[in-house]
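The block underneath contains the structure these notes are about, expressed in structure tokens.
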Amino acid sequence: MTGDPIRRALDDVWYCVGESRSVRPGGMRSVSLGEEAVVVGREESGALFALRDRCPHRGMALSAGRIVDGNLVCPFHGWQFRPDGACAAIPALARRDDANFASVRLARFAVAEKSGLIWVHTSANPAHASPEAAPPIPEVEFDYCGQLVEILEVEASFDLVALSFVDPAHVAYVHDSWWWRPSKTMKEKVKHFAPSPFGFTMTSHTAKTASLAYRLLGSIPEVEIEFRLPGVRLERITAGEKRLANYTFAAPLANGRTALINAMYWNIPALNLLKPVARPLMRQFLGQDRDVLQIAQRGLDRKPAMVLMGESDVQSQWYFSLKREFLRAREAAAPFVNPLEPRELRWRS
Ligand code: FES
Ligand SMILES: [Fe+2]
């Protein structure tokens, strides 16, 4: 693998930028999407908006300003912008000044809210945000009664973080906590994969290793893991009526950093009591990924090549195939055609 466009985070897709509750009505927050700064705000009605966080006048961050009467007010000279990005007023203009500010406009981004999270689409082309054109925003498919979200910043590239979602070989070495992997022996695993929209799914199997986390469900669960572009891992766990969803997302930040977002949802009221215990465990688990990814990134900074070997790295190959196809489809203004075939993979972990 070399340093070509395939190594950059995709633009033209949805990225998770945080929890819904991080933007209150009448409030706003600056988020980075790669090198783009975006101000995400919420009108009093509850509707979200997302605009380029840069005042066209002298570049000021609008997120440092305030929302007054539904308009964004720049803290530098008070230019006002409506939530649709149109300039509404320039207070310094004298009555006789005929400067026409009707053409002044902030770039606007598609923004959506699903299952307690906010998503921003990086393209200025709204047609590219539709579920046919871009990988759809993940949603929880059951009525959940509890939710736990953790967000970490990782000093590593988007690819390196996304690859960790489809990398079975790191688990035995990085996530060897007693509560996740009680057995230290490596066993051969056989898993079945099938293409799914903008990605692939490890089809439902019965979990064999009864880790403590799984045993909390009371019976042996069925597990299905879906990966989809740009960096979305959806683990769905079902045990009878009990459901647990563990969703993990990568989102590009400025200066080659990446957000690692983990959102867990369940419909089991008893699990709500375990939240104070579960949160530090989730933090520890994600921190294990962050620590190893940051060190590996320093190695890749010196030489960006990766040698992908054997069936445990096939999903990593698939990641790059999917990404390449996405770039091709955009370039050709053609539909995305999933390049993958159903396949069985074996590895030891
Ligand atoms: S920089 Fe925003 S009003 Fe001048
Ligand atoms: Fe991991």
Side-chain angles (χ1 to χ4, degrees), residues 28 30 37-39 41 51-68 71-82 85-94 97 99-107 150-181 186 189 202 209 211 213 223 225-227 231-235 246-251 258-264 281-297 312-313 315-316 319 347 349:
M28 55 185 165
S30 175
V38 178
V39 51
L51 301 166
R52 179 165 290 145
D53 193 12
R54 183 191 175 282
C55 180
H57 185 216
R58 291 223 223 298
M60 183 66 195
L62 294 163
S63 55
R66 289 174 304 140
I67 295 182
V68 180
N71 286 341
L72 230 75
V73 182
C74 179
F76 204 166
H77 313 90
W79 288 24
Q80 294 182 23
F81 298 91
R82 283 197 287 268
C87 184
I90 296 183
L93 293 185
D97 196 330
N100 174 19
F101 57 81
S103 61
V104 177
R105 205 162 245 295
L106 296 171
E150 274 294 309
I151 303 177
L152 264 72
E153 270 189 43
V154 186
E155 282 173 40
S157 73
F158 183 86
D159 275 351
L160 196 56
V161 175
L163 286 176
S164 76
F165 299 170
V166 292
D167 173 18
H170 84 287
V171 178
Y173 290 86
V174 176
H175 304 297
D176 60 351
S177 310
W178 59 270
W179 53 272
W180 182 249
R181 244 184 93 83
M186 305 268 281
K189 308 274 163 65
M202 188 173 90
T209 44
S211 77
V223 182
I225 301 176
E226 176 187 344
F227 177 84
V232 168
R233 180 187 188 272
L234 308 173
E235 180 170 0
N246 190 40
Y247 288 1
T248 317
F249 316 116
T258 303
L260 173 59
I261 300 143
N262 197 95
M264 196 181 270
L281 294 184
M282 188 190 274
R283 232 176 250 163
Q284 183 190 51
F285 190 89
L286 298 172
Q288 291 166 341
D289 282 313
R290 179 198 51 212
D291 294 349
V292 77
L293 292 169
Q294 293 189 158
I295 299 171
Q297 183 63 53
S312 65
D313 271 339
Q315 295 178 71
S316 297
Y319 169 73
W347 63 75
S349 66

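Order of appearance sets the numbers: ligands from 1, and atoms from 1 within every ligand.
Counting atoms of ligand 1 from 1 in the listed order, those under 4.0 Å from a heavy atom of M60 are 1 (S). Counting the atoms of ligand 1 from 1 in the order shown, those under 4.0 Å from a heavy atom of C74 are 1 (S), 2 (Fe), 3 (S). Near F76, the atoms of ligand 1 lying under 4.0 angstrom from a non-hydrogen atom of the residue are 1 (S), 4 (Fe).
H77 has its closest N, O or S atom to atom 4 (Fe) of ligand 1 at the position named ND1. Looking only at its N/O/S atoms, D289 has OD1 as the one nearest to the Fe ion (ligand 2).
Closest of all the heavy-atom pairs between E155 and Q294 is N-OE1, 2.9 Å. When every heavy atom of D167 is checked against every heavy atom of V171, the shortest pair comes out as O-CG2, 4.2 Å.
The aromatic rings of W79 and H57 lie parallel to each other, with less than 30° between the two planes, well short of the 60° mark.
Between the side chains of D289 and S164, no donor-acceptor pair of N or O atoms lies under 3.5 Å.
The residue from R290, R283, M282 that alone fulfils the side-chain contact (heavy atoms from CB on, under 4.5 Å) condition with L286 is M282.
At least one N/O/S atom of H57, whether from backbone or side chain, sits less than 2.8 Å from atom 4 (Fe) of ligand 1.
When hydrogens are left out, the protein atom nearest atom 1 (S) of ligand 1 is R58 N, 3.3 Å; that is the closest non-hydrogen contact.
Checked by atom type and distance alone, the side chain of Q297 pairs as donor or acceptor with a backbone atom of S157 at under 3.5 Å.
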